[in-house]
**Student:** 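Before anything else, here's the structure in question.
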Amino acid sequence: MSQVLEYSEKVMDHFTNPRNVGEIENPSGVGTVGNAKCGDIMRMYLDIQDGVVKDAKFKTFGCGAAVATSSMVTELVIGKTVEEALKVTNKAVMEALDGLPPVKVHCSLLAEEAIHAALWDYATDNGITIEGLEPPVKDIEEKEGHESAE
Ligand code: FES
């Protein structure tokens, strides 16, 4: 039987059993990003010590792909330096999930941007510059034409 949308087993796993859901008390950085078109919102919390992401948690009010990409992106950034975490792209998140249907690519962009927003919060709070980090957008739709978009 064919389905309208095909999701990988990994997407289904991270959707039904998401890792790192919740909040971090006294986080080093928090970032919230939404997508006005679909109404989904993602909030990322980072605990950063000595420039390394020690912990990451998220709260996502959104679709299954948004939950799965949030879950995967937290797994990918934990243990990385802030510079390495910045380089975790939505493509890397999608690859780690064995792909997403084309109409769901924007959900992974939300995950990438939420991490950037949390890193920005951390950097501005601590008066440091993370090379390549740009001010985050509140609504991901502002980033239309982003190079890693569909
Ligand atoms: Fe909006 Fe997935 S439909 S983030």
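As the structure lists them, so they are numbered: ligands from 1, and atoms in each ligand from 1. Index from 1, following the sequence.
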**Student:** What protein atoms of element N, O or S are positioned under 2.8 Å from atom 1 (Fe) of ligand 1?
**Tutor:**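 Atoms qualifying: C38 SG, D40 OD2.
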
**Student:** Decide yes or no for M44 and V73: does some side-chain heavy atom of the first lie under 4.5 Å from some side-chain heavy atom of the second?
**Tutor:**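 Touching, per the 4.5 Å side-chain cut-off.
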
**Student:** Which of these, L133, L46, I128, V30, sits in a side chain to side chain contact (heavy atoms under 4.5 Å, CB included) with Y122?
**Tutor:**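 Result: among L133, L46, I128, V30, I128 is the only option passing the side chain to side chain contact (heavy atoms under 4.5 Å, CB included) with Y122.
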
**Student:** Taking D40 for the side chain and C63 for the main chain, is one N or O donor matched with an acceptor at less than 3.5 Å?
**Tutor:** yes

**Student:** Checking R19 against S71: is there a side-chain donor and acceptor pair closer than 3.5 Å?
**Tutor:**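 The answer is no; no qualifying pair exists.
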
**Student:** A side-chain contact here means heavy atoms from C-beta on lying under 4.5 Å apart; do E84 and V88 qualify?
**Tutor:**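 E84 does not reach V88 side chain to side chain.
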
**Student:** Ignoring hydrogens and geometry, is there a side-chain-to-backbone donor-acceptor pair from T74 to A56 under 3.5 Å?
**Tutor:** no

